[in-house]
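All figures in this text were calculated on a predicted structure; none of them were measured in a lab.
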Amino acid sequence: MLALLYYSSNFRIEMTWSIFYQFYACFCANCAAVVYGITIGWASPSIPLLQSENSPLLSGPITEEDGSWINSIMCLGGLFGTFFFGWMADYFGRKWSLYLVALPKIAAYLLILIALDVEFLYVSRFLSGFGGGGVFVLVPLFVTEISEDQVRGALGACLILIVNLGVLVGLASSGYMDFFMAPFVPITILVIFLMLFQFLPETPQYLLMRKRKVEAEASFRFYRGCRKNTEELPEKYLKEFAAMQKIYDGLSGDSSSQGIQRKDFAPKSTRHAIAIGVTLVTLACFCGTFTLINYAADIFHNAGSSFSPNDAALVVGAIQVVGGCASYLLVDRAGRRVLLIGSALGTGLFHSVMGVYVFLTSRGYTLEGFEWIPVVSLSAVMLVSAIGIVALPYPIMAELLPTKLRGLVVSICASISWTLSFLLVKYFTYCVQLLGLHGCIGFFAVCCFFEVFFVAVVLPETKGKSYEEIVKLLCR
């Protein structure tokens with residue numbers, strides 16, 4: 001309700017059932033994203049516990065190598081999950097594919113409940129990543145295809161906000177609850193997701209792509225608040241649905257139901273959109289947020305902070321939630337380009353400050369009185385990156401791509417993200433030994449500054465624009 005009031009007061013959007021149903025559907029879809037966030041947050045407090053003498057496993061404490069695999073194997077699961085659920089999205093629809101994401105996630109947490117040794121946790125984390133791959137493919141597709149232009153950006157930005165909220169819940173539940181009780185939190189959320197999501201219709205764009213026009217109109221009416229078939233659609237919605245139909249009316253016969261062909265990639269706008277999507281996702285990995293969060297406790301400790309490791313992780317998680325909130329509130333006011341440029345520039349600058357501090361301390365300089373710099377810099381990196389670099393690549397990608405290719409291309413981009421995340425998490429310590437922590441942070445800063453240039457030169461503004469208008473911008 002607060003979100004609805006915010007939009008009505010700041011964007012002069014009518015308070016209609018249309019907006020309500022779109023926000024409600026977005027909330028239901030993002031219940032699966034909360035659990036993915038919990039999965040990320042689970043590792044930080046759980047792995048030190050598993051490595052200690054108080055390990056809850058019957059097999060006893062795990063090794064540092066075991067902990068490394070528990071952290072990184074989730075990314076391998078995500079790699080497989082992106083392709084599997086991307087394929088399902090095109091052949092079985094967005095709704096039921098997203099509905100099935102809950103199954104591997106439930107299985108993952110049931111395995112933690114009965115875990116006897118580290119092998120149970122390997123399988124659990126792989127299944128969690130497998131479901132997480134589905135979340136990052138399907139939630140942006142579903143939300144983009146049910147949303148009208150004026151709220152599409154904010155609803156798309158909900159994904160990272162909700163994931164960050166899930167991370168915070170995961171850090172708190174795993175850090176302060178019994179090891180075998182914490183899994184009941186995500187399992188409960190998944191049961192709620194399964195109960196709520198089943199009643200939502202498939203997206204109208206997917207149904208039009210499959211030439212199911214009657215069902216598509218019924219779905220469109222649902223998500224625009226016109227529940228009765230006898231109720232006449234307002235003129236703006238008639239135009240919106242007509243524009244949707246026009247995209248698919250040019251397809252002969254049932255060609256829209258056929259597999260993806262080479263000619264689907266021929267338009268300049270499509271190739272441009274794919275290049276932008278791949279670049280934004282790659283740069284989101286190299287902004288360093290996901291990697292440095294593993295160093296959060298060490299940085300706080302070395303700076304003389306009184307926070308315990310769990311408390312330090314909670315602070316960072318809370319900061320990311322604040323950044324996600326800012327992205328959610330600003331994306332349809334400031335626009336995608338402004339948020340991305342500001343986020344990349346700010347993240348790069350704070351990386352630079354932290355990198356210089358680490359470099360000077362590594363050379364033996366005493367920076368007494370400035371121990372707060374790495375804490376503030378890391379906190380600022382988490383906050384500013386969550387506003388744009390981390391939050392917006394997938395929503396923007398879903399806006400730029402044609403419906404027929406969204407599932408495939410988002411899957412490919414997500415697989416690139418999972419692969420890079422696995423390599424960074426698994427081998428970051430080796431890079432630190434080779435380049436030093438300051439060198440790695442410097443590399444992250446350079447990538448952020450490059451994103452500023454890339455967005456300013458290449459990315460068109462998509463705020464409030466229909467797909468036809470976006471295509472024209474991409475063809476310039």
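- With 3.5 Å as the limit, one finds no donor-acceptor pair spanning the side chains of Gln51 and Glu64.
- For Phe80, the CZ atom is loosely surrounded, since the number of other residues' heavy atoms within 6.0 Å does not exceed 12.
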In sequence, state the C-alpha distance, the side-chain angles, and the governing distance for Thr462 and Glu399, and then conclude on side chain to side chain donor-acceptor pair (under 3.5 Å). CA-CA 7 Å; Thr462 60; Glu399 289 180 321; 2.6 Å; yes
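- Aromatic ring centres of Trp87 and Phe92: separated by under 6.0 Å.
- Ring planes of Phe193 and Phe197: parallel class, angle under 30° (limits at 30 and 60°).
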Worked verdict on Tyr122 versus Asp66 for side chain to side chain contact (heavy atoms under 4.5 Å, CB included): CA-CA 9 Å; Tyr122 287 161; Asp66 291 334; 2.8 Å; yes
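- Atom CD of residue Glu53 and atom OG of residue Ser55 lie 9.0 Å apart, to the nearest 0.5 angstrom.
- Between Phe126 and Phe130, the two ring planes are parallel [angle under 30°; tilted spans 30° to 60°].
- With a 6.0 Å radius and a threshold of 12 heavy atoms from other residues, nucleotides or ligands, Phe180 has its CZ atom above the threshold.
- Under the 30°/60° scheme for interplanar angles, the aromatic rings of Phe179 and Trp42 are found to be tilted.
- By the 30° and 60° cut-offs, the orientation of the rings of Phe136 relative to Tyr394 is tilted.
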Evaluate the criterion salt bridge (Lys or Arg N to Asp or Glu O under 4.0 Å) for residue pair Glu145 and Arg94; output intermediate values, then yes/no. CA-CA 9 Å; Glu145 293 180 5; Arg94 284 42 165 155; 2.9 Å; yes
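- Ring to ring, Tyr99 and Phe142 are not that close: their centroids are 6.0 angstrom or more apart.
- A centroid separation of 6.0 Å or more is found between the aromatic rings of Phe184 and Tyr109.
- The environment of CE in Met177 is crowded: more than 12 heavy-atom neighbours from other residues, nucleotides or ligands sit within 6.0 Å.
- Side-chain polar atoms of Ser411 and Thr82 form no donor-acceptor pair below 3.5 angstrom.
- A 6.0 Å sphere centred on CZ of Phe350 holds no more than 12 heavy atoms belonging to other residues, nucleotides or ligands.
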Start with the C-alpha gap between Glu451 and Leu280, add the side-chain angles, then the distance that decides, and say whether side chain to side chain contact (heavy atoms under 4.5 Å, CB included) holds. CA-CA 8 Å; Glu451 182 159 358; Leu280 289 181; 3.7 Å; yes
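- Residues Ser128 and Thr39 share a closest heavy-atom pair of CB-CG2, 3.4 Å.
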Let me see the working for Leu435 and Phe443 under side chain to side chain contact (heavy atoms under 4.5 Å, CB included), right down to the final yes or no. CA-CA 10 Å; Leu435 303 174; Phe443 172 75; 5.9 Å; no
Dump the intermediate steps for side chain to side chain contact (heavy atoms under 4.5 Å, CB included) on Phe449 and Leu349, then the final yes or no. CA-CA 8 Å; Phe449 292 136; Leu349 289 174; 4.1 Å; yes
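- Centroid-to-centroid, the aromatic rings of Phe286 and Phe444 stay 6.0 Å apart or farther.
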